[in-house]
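Along the sequence shown, the residues carry numbers beginning at 1. Below, all heavy atoms of this structure are taken into account, side chains as well, without hydrogens, waters or symmetry copies.
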Amino acid sequence: MDKGTEISVTDGVAQIALDAGPSARLSLHLLSALDVAFTQLAKDDAVQVIVFRGKGPTFPSGVTDPQGGGDDRGNLLSDLCLRIERCVKPVIAVMNGVVVGGGVELALAAHYRLVHAHTRLGFPNARLGLVPHAGATQRLPRLVGADMSLELLLGGTLVPITSGKLTALADELFDDAPDDAITRFVAAHPDGLAPRPTAERRSGFTDAKAYQAALTRMRASVEASPEVAPRHILSAVEAAILLPIDAGLAYEQAAAEDCADTDQSKALAHLFHAEQAVSTHTRRTDLPDISTVAVLGGSANAVQIVLAALDADLGVNWVIKDPAQQRDSVGHVRAVVQEAVRSGKLDEERAKRSLDALRYGDGAQMIDGADIALRATRGQRGVHLPPQMPVAHCLPGTDPRLALQFFPTAKTARLVEVILGPQSTEGDRLAGLALARRLNKLAVVETTSGMGLYDRLIQILLQAADSLVDLGQSPFTVDAAMRAWGMVHPPYELADSIGLEAVSRHKRAEGCQNWADLLVQLGRKGRADGRGFYTYAPSSPPKPDAEILQRIYQRRVPQSDMPAEQIVRLVLGAMASEGARALREGVVARAGDIDVVSVFTQLVPNWHGGVMHAVGEAGLLRTARTMEGLDHPDRALWTPDPVFGDLIKYGRRFDDL
């Protein structure tokens, strides 16, 4: 819990140390304490300079908007930033650690900023469906221009203070103690520091053409997205160069109000906090150190895992028995690294370090020195491994101890499922989480003897879509409804991408059709060979294939199109029912874990908050009645899990689990 402020005055320099406790959170209590301390010092004639800083290793920060989990309903942060900026005494902010949201806005309002060289800054607001409300969209561009401002405000990631133009925020970068930096900075101005409001700065506006070009570059992607907050942020940054500061701040405030308390902000806030809950798995202090992995096999899946490991500065011992596959797979990894250098994504030194960390061969000696072995190719269970070495199965299917389910592509995907089988040990859990942490991935931990959540959700999605086609709907009508709702990869496009032979092996209830099986009989394999439910051509969107409709019509009579809203409710309801079943079986403890899996594997768009949240927003009772009213022979699929009934009875949602 935060405690407040501590004030000290030495030679006319007053320091306000913000004591936020272990959380380092910029709470309403801490804002109020800072407000009182600042007001007191601004009136004290003995004080010539006011400094505010964090008491601990991190400057207090966070998102103070109510929908973002904050509590600044009275907009105190915005008012305080104005008073700091307009203070007649010079104000210095000292930043260190990870500083996000309101903490950055406080520092932007100061006249000078001393920043530790390892400080990282970020604005999670856009990821929460929110707009900063204390001046960030107006003050930040005045200092660093539009390009860096948009990267920080829209990216949602932490950016080092030493990145590009972001260094313009710092009047001094220091790597020693904050007290020494303050003393040095004040001493460097023997005639005294003068107030220097950020509102009056124009260094970020000097190249107006570059400013507008940055806005134009970002506008296309922002306007193509259904997310509302990024559009408002972009417009506010554009207003910064056009409007006086007071008008710009008013513009920002109106944008913030437009985004607050919307369904989208609620969904994104829910997802953000679900992601934070998942991230606690890899923040454990008892995880073992992993510096080298042994990757077994040279498949395409193994190549992606190797690239992910090298990207994370892990050593890789790659065991590939087949000489031709060894040549091709290692050559592919080298080519990817070299292309990253050519494109400027990787510098020569980092590329050399990565390739030097790669050892490969076909013998048991390749296992030596590895901390964990990853079975990434079929047929590797015969490889002899030390009995004490953790082993993870990294292929589709189950494992009695530990499976790691990566997603395409393993190098760039942010999520990994850590699936603990019935024979797993605590050592298996810790090893899986330790690797996930080294790879910088979110890890959803699941306990099951069956399939992981992603595979379960995929199979139910395709099964539900097939049921609607059973009842007379076109697969393209089903896809169109789900695509319009926001699903990036609707069911039949997804089936084509997975491969129709694999999808055709999914079982269906008696009297029901797996429609992928029909296409396999016609010699179609999916996207890989250019023909599935859709036809595919280079640089062209998938095209619905009329021949497929004719073949389906020969099996059953077409019906009039079901309303898109009903299709969406049924498909999502079936997926949420499967998620509820996983909860009841103890696969995961929180519905939020299922939402994280559904979003980070691109089954559900982030602005819907995940499949469980989306169904809760649509109404559990309404969804259950729609499912129960569907006249289809697969009653197990269309009977909502008992968890639905329990939640409906007590007026609760999946978010409450």
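Note that the CG atom of L630 and the OG atom of S467 stand 7.5 Å from one another [nearest 0.5 Å]. Atom-to-atom distance recorded for D634:CG and Q463:CD is 5.0 Å, nearest 0.5 angstrom. With rounding to the nearest 0.5 angstrom, the CG atom of L154 is 5.5 Å from the CE atom of M218. Atoms CG and CG, from L314 and L435 in turn, are 6.5 Å apart once rounded to the nearest 0.5 Å. Between the CD1 atom in I320 and the CG atom in L296 there is a gap of 10.0 Å [rounded to 0.5 Å]. Rounded to the nearest 0.5 angstrom, L461 CG and E578 CD are separated by 11.5 Å.
Across all non-hydrogen atoms, the minimal contact from Q473 to M562 is OE1-N, 2.8 Å. Of all heavy-atom pairs spanning Y211 and V237, the tightest one is OH-O, 2.6 Å. Contact between G511 and P633 at its shortest, heavy atoms only, is O-CG, 3.9 Å. Nearest approach of L549 to S474, heavy atoms of both residues: CD2-OG, 3.5 Å. Listed here is the closest heavy atom pair of P542 and R527: CG-NH1, 4.2 Å. Contact record, V295 with A302: CG1-CB, 4.0 Å, taken as the closest heavy-atom pair.
Distance alone, capped at 3.5 Å, places no donor-acceptor pair between the R569 side chain and the A618 backbone. Judged by distance alone, the side chain of R375 and the main-chain N or O of H393 form no donor-acceptor pair under 3.5 Å. Without hydrogens or angle criteria, D593 side chain to V588 main chain gives no donor-acceptor distance under 3.5 Å. In this structure a side-chain-to-backbone donor-acceptor pair under 3.5 Å is present from E417 to Y454. R438 places a side-chain N or O within 3.5 Å of a backbone atom of D313 that can act as its donor or acceptor partner. A side-chain donor-acceptor contact under 3.5 Å links R556 to the backbone of V469. S279 places a side-chain N or O within donor-acceptor distance of the main-chain N or O of Q276, the cut-off being under 3.5 Å. Q264 places a side-chain N or O within 3.5 Å of a backbone atom of V228 that can act as its donor or acceptor partner. No donor-acceptor pair closer than 3.5 Å links the side chain of E238 to the backbone N or O of L215. Although no hydrogens or angles enter the test, the distance criterion places a donor-acceptor pair under 3.5 Å between the side chain of R231 and the main chain of S225.
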Under the side chain to side chain contact (heavy atoms under 4.5 Å, CB included) rule, what do R350 and V337 come out as? Steps first, then yes or no, please. CA-CA 10 Å; R350 176 73 184 274; V337 173; over 6 Å; no
Please determine whether side chain to side chain contact (heavy atoms under 4.5 Å, CB included) holds for the pair R378 and L395, giving the CA-CA distance in whole Å, both sets of side-chain angles, and the decisive distance to 0.1 Å. CA-CA 8 Å; R378 298 289 183 193; L395 292 160; 4.1 Å; yes
From CA spacing to verdict: side chain to side chain contact (heavy atoms under 4.5 Å, CB included), L402, V418: CA-CA 7 Å; L402 173 64; V418 178; 3.8 Å; yes
Decide side chain to side chain contact (heavy atoms under 4.5 Å, CB included) for I594 and F654; before the verdict, give the C-alpha distance in whole Å, the side-chain angles of both, and the deciding distance to 0.1 Å. CA-CA 10 Å; I594 302 168; F654 291 118; over 6 Å; no
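Checked by atom type, the side-chain pair D455/Q459 shows no donor-acceptor distance below 3.5 Å. Using modelled atom types and a 3.5 Å distance limit, the side chains of Q326 and D362 yield no donor-acceptor pair. Neither side chain, Y536 nor D545, offers a donor N or O lying under 3.5 Å from an acceptor on the other.
Between E275 and R414, at least one side-chain nitrogen of the basic residue sits less than 4.0 Å from a carboxylate oxygen of the acidic one, meeting the salt-bridge criterion. At a threshold of 4.0 Å, the pair K165-D147 does not count as salt-bridged, since none of the basic side-chain nitrogens sits closer than that to a carboxylate oxygen. The existence of a salt bridge linking E339 and R342 is confirmed by a sub-4.0 Å separation between a basic side-chain nitrogen and an acidic carboxylate oxygen.
Residues V159 and L121 are not in side-chain contact: their nearest non-hydrogen atoms beyond the backbone lie 4.5 Å or more apart. Under the 4.5 Å side-chain criterion, counting only non-hydrogen atoms from C-beta, Q405 is in contact with I419. By the 4.5 Å heavy-atom criterion applied to side chains, Y360 and S329 are not counted as neighbours. The shortest side-chain heavy-atom distance between V316 and V333 does not fall under the 4.5 Å cut-off. Looking only at side-chain heavy atoms (C-beta outward), N514 and D466 come within less than 4.5 Å of each other. For the pair L603/V611, no side-chain contact is recorded, criterion being any heavy-atom separation below 4.5 Å from C-beta on. With contacts defined as side-chain heavy-atom distances shorter than 4.5 Å, the pair W515/P475 does not qualify. Within the 4.5 Å cutoff, the side chain of I372 has heavy atoms near those of the I290 side chain.
Counting only residues at least two apart or on different chains, the salt bridge (charged side-chain N to carboxylate O under 4.0 Å, His left out) pairs with a member in residues 488-505 are R483-E493. Among pairs with a residue in residues 297-311, those fulfilling side-chain hydrogen bond (donor to acceptor under 3.5 Å, both in side chains) read S299-T377, at least two apart in sequence or across chains.
Here F533 and F476 keep their ring centres 6.0 angstrom or further from each other.
Residue E223 qualifies as enclosed at atom CD: its count of foreign heavy atoms under 6.0 Å is above 12. For N440, the CG atom sits in a loose shell: 12 or fewer heavy atoms of surrounding residues, nucleotides or ligands are nearer than 6.0 Å. A 6.0 Å sphere centred on NZ of K321 holds more than 12 heavy atoms belonging to other residues, nucleotides or ligands. Heavy-atom contacts from other residues, nucleotides or ligands closer than 6.0 Å to CD of Q554 number more than 12.
Partner of D356 under the salt bridge (Lys or Arg N to Asp or Glu O under 4.0 Å) criterion, out of K352, R359, R353: K352 alone.
Ring-plane geometry between H608 and W485 is classed as parallel, the angle between the planes falling under 30 degrees on a 0 to 90 degree scale with a further cut at 60.
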